Amino acid sequence: MQAEKRELLMATDHDTNSGEGGKTRRDFLYVATGAFGAVGAAAFAWPLIDQMNPSADVLALSSIKVDLSAIEVGRTIKVVWRKQPVFIRHRTAADIRDARADDSAEMPDPEPDAERVERPEWLIMVGVCTHLGCIPLGDRGDYGGWFCPCHGSHYDKSGRIRKGPAPKNLVVPKYVFVDDNTVRIG
Amino acid sequence: MSFGSFQPKNRFIKWFDGQLPILSLMHGTVVSYPTPRNLNYWWNFGSLAGIFLTVQIITGVILAMHYTPESTMAFDSVEHIMRDVNYGWLLRYMHANGASMFFLVVYIHIFRGLYFGSYKAPREVLWWLGLVILLLMMASGFMGYVLPWGQMSFWAAKVITNLFSAIPIVGESVVRWLWGDFSVGNATLNRFFSLHYLLPFLIVGVVILHIWALHIPGSNNPLGIDAKGPQDKIPFHPYYTAKDLFGLSVISVVFAFFIFYAPNSLGHPDNYIPANPLATPPHIVPEWYYLPFYAILRAIPDKLFGVIAMFSSILLLFALPWLDTSKVRSARFRPIYKQFFWLLVIDAVVLGYVGANPPEGAFILIGRLATTYYFLHFLVIVPIVGWLEKPKPLPESIASAVLGDKAEG
């Protein structure tokens with residue numbers, strides 16, 4: 001009895017309110033409610049997603065100063081910047097010559113050596129393979145630079161990718177020489 | 001068709017089941033469920049997978065009572081479990097080797113499905129749910145491997161999360177979002193622990209759907225033909241409960257062998273070195289159950305396409321019910337498909353072997369050939385064989401094939 005009555009009511013409602021092309025006020029209300037709900041849900045979802053991004057204390061630690069005076073010619077040190085290793089190599093004259101001689105060679109991500117350094121004797125770059133994030137080993141590989149043991153990427157003396165699956169050269173971070181013996185990374 | 005419904009004599013059980021029919025549901029699932037009478041031992045692996053999931057959850061919940069998901073304490077807390085906690089070594093070895101057993105039985109279960117055509121109509125949704133379980137298992141296993149925070153844990157986390165950096169434009173941001181840092185660190189470990197605890201319960205949920213989807217058409221069988229009547233089926237209990245228990249006893253011996261005699265043989269010694277974010281071990285490999293996929297990743301000399309190939313190698317299986325053009329399910333009646341099936345098994349083993357070795361010399365070429373063959377199998381061979389092959393005649397019914405002339409009487 002009840003159900004019948006409700007059906008009857010709904011039918012009347014539909015008949016009296018039908019506009020052009022069978023659209024009713026009720027359809028409009030459904031769409032408006034649905035859209036409002038969807039926007040609300042999306043707005044609420046953002047905090048749930050964004051909480052996974054680096055937190056404020058992590059973002060606060062984003063620049064370091066390094067003293068270069070102790071690094072002899074031909075040596076590489078690793079420093080930690082944003083929890084990632086940064087290679088700082090004091091290049092020999094031969095390193096620089098070899099790197100520049102290869103400027104015109106064919107490579108996946110061409111970049112002249114001069115654009116990868118502020119001062120030719122200091123090669124500073126993030127020591128993270130651009131393939132899947134392993135740390136390449138120094139003085140190895142077919143090009144006398146770095147070699148990534150995980151999936152076999154070879155980098156040259158300028159940290160440029162020459163062979164293997166990595167798509168990009170080792171990343172050069174932003175840095176400035178505060179004075180002749182100090183560099184600020186980040 | 002059913003073998004007697006749930007009719008309890010106890011008044012309390014009757015009253016309870018009247019209000020929440022969970023007991024009759026269980027009865028219908030593991031007691032009276034009408035099962036083809038000809039299932040062989042390859043059909044053990046579904047219930048074995050369920051048992052190993054249970055082992056993982058029980059040991060995992062206990063390990064979580066003693067483990068500390070914090071990057072400076074995680075490694076030591078695992079050593080604390082190994083040395084100080086009563087039976088901690090046993091629970092951890094059960095959990096670590098239990099993961100291997102779980103993957104082993106699931107892989108056999110999947111190849112069983114491939115051989116006997118269990119993915120074909122009317123069981124496509126069942127097949128999909130199984131693949132969803134596999135993907136959840138892989139995610140869960142990976143995150144669990146990160147928790148001990150050894151060298152392999154750390155570098156596995158780094159390499160696997162970096163797979164997402166292959167996504168054009170947003171890749172780097174996605175990876176940073178996954179890490180919660182500029183590198184894998186404490187934030188990563190913490191969320192992996194949270195998710196590693198969550199995922200197994202999601203797996204349980206999908207397993208329930210998987211069993212539900214199984215019970216609608218009923219189990220496939222080695223002949224791959226539909227059951228025609230009551231003479232083709234027997235109740236699950238006691239016939240298959242007994243058969244599954246026998247299988248469980250056999251596999252328990254294997255499980256116990258690993259736990260007590262070779263608990264670290266499937267792991268990697270480098271994972272007993274605490275995580276060092278500044279040095280990658282010279283040779284990193286994933287756990288054995290990921291090796292074929294790792295080989296596919298490395299076979300392609302392009303980062304993005306390598307990652308795409310690796311994910312497609314599993315996603316492709318979702319389309320298998322439609323790639324296979326043959327109407328005959330069981331490979332017993334498909335002389336040509338049967339040979340290609342075994343080639344696929346060999347190919348998977350070769351991929352695993354290549355994945356375990358460094359990407360040098362002949363392994364590069366073998367890895368590429370095996371990867372090509374993997375995709376060729378599903379995308380070309382399976383559809384074409386379905387068209388060209390002339391299947392052997394199918395038996396009248398399960399009963400007539402199993403019992404011969406006696407089926408009539």
Side-chain angles (χ1 to χ4, degrees), chain A residues 46 48-64 76-88 108-109 126-138 140-142 146-154 161-168 171 173 185-186, chain B residues 71 154-166 168 171-188 190-191 194-195 276-286 294-295 297-307 310 355 358-361 363-364 367:
Chain A
W46 178 244
L48 302 182
I49 294 165
D50 191 42
Q51 52 81 21
M52 279 174 67
N53 273 316
S55 54
D57 60 326
V58 167
L59 292 171
L61 300 168
S62 51
S63 90
I64 54 160
T76 306
I77 65 157
K78 269 190 228 173
V79 294
V80 182
W81 173 63
R82 289 176 163 187
K83 300 195 181 143
Q84 313 207 65
V86 170
F87 295 154
I88 302 181
D109 183 17
V126 178
V128 173
C129 181
T130 58
H131 182 226
L132 294 175
C134 294
I135 296 176
L137 304 167
R140 309 262 175 105
D142 295 355
W146 284 264
F147 172 70
C148 182
C150 292
H151 309 93
S153 292
H154 299 256
I161 179 68
R162 300 298 289 273
K163 198 170 113 183
K168 296 273 176 207
V171 173
I185 301 171
Chain B
S71 60
F154 184 90
W155 291 99
K158 194 89 191 275
V159 168
I160 301 301
T161 49
N162 252 311
L163 292 177
F164 295 92
S165 71
E172 294 296 329
S173 321
V174 169
V175 172
R176 200 159 296 164
W177 175 75
L178 288 172
W179 289 341
D181 204 330
F182 296 107
S183 177
V184 171
N186 186 52
T188 324
N190 232 274
R191 63 191 55 178
S194 167
L195 294 172
N276 177 2
L278 296 184
T280 309
H283 180 47
I284 69 164
V285 281
Y294 191 60
L297 168 75
R298 294 195 306 191
I300 292 166
D302 179 275
K303 180 173 168 179
L304 179 60
F305 286 102
V307 173
M310 188 183 73
E360 295 162 1
F363 289 117
I364 296 179

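Chain identifiers are assigned alphabetically (A, B, ...) following the order of the sequence lines, protein sequences preceding nucleic acid strands; residue numbering begins at 1 within each chain. Just so we're clear, the structure is a prediction, and the values are computed from it rather than from any experiment.
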Under 4.5 Å from a heavy atom of chain A, the part of [X] involved:
X	result
B/Pro281	backbone
B/Arg191	side chain
B/Leu304	neither

*Non-hydrogen atoms of chain B under 4.5 Å away: do they reach the side chain of A/Lys78, the backbone, both or neither?*
side chain
*What part of A/Thr130 is in contact with chain B, defined as an atom under 4.5 angstrom from a non-hydrogen atom: side chain, backbone, both or neither?*
backbone
*Option in A/Gly152, A/Pro136, A/Cys134, A/Gly164 with maximal non-hydrogen atom pairs under 4.5 Å from chain B*: A/Cys134
_Residues in side-chain contact (heavy atoms from CB on, under 4.5 Å) contact with B/Ile160, at least two apart in sequence or another chain_ = B/Phe142, B/Leu163
Pairwise distance [atom1]([X]) to [atom2]([Y]) - rounded to 0.5 angstrom:
X	Y	atom1	atom2	value
A/Leu132	B/Thr280	CG	OG1	11.5 Å
A/Asn53	B/Leu178	CG	CG	9.5 Å
A/His151	B/Ile284	NE2	CD1	5.5 Å

*Quick one: of B/Trp177, B/Trp155, B/Phe164, who has the most non-hydrogen atom pairs under 4.5 Å with chain A?*
B/Trp177
_Considering all heavy atoms, the nearest A/Pro85-B/Pro277 contact_ = CD-O, 4.2 Å
*So, does A/Lys83 use its side chain to make a donor-acceptor pair with the main chain of B/Ser183 at under 3.5 Å?*
no
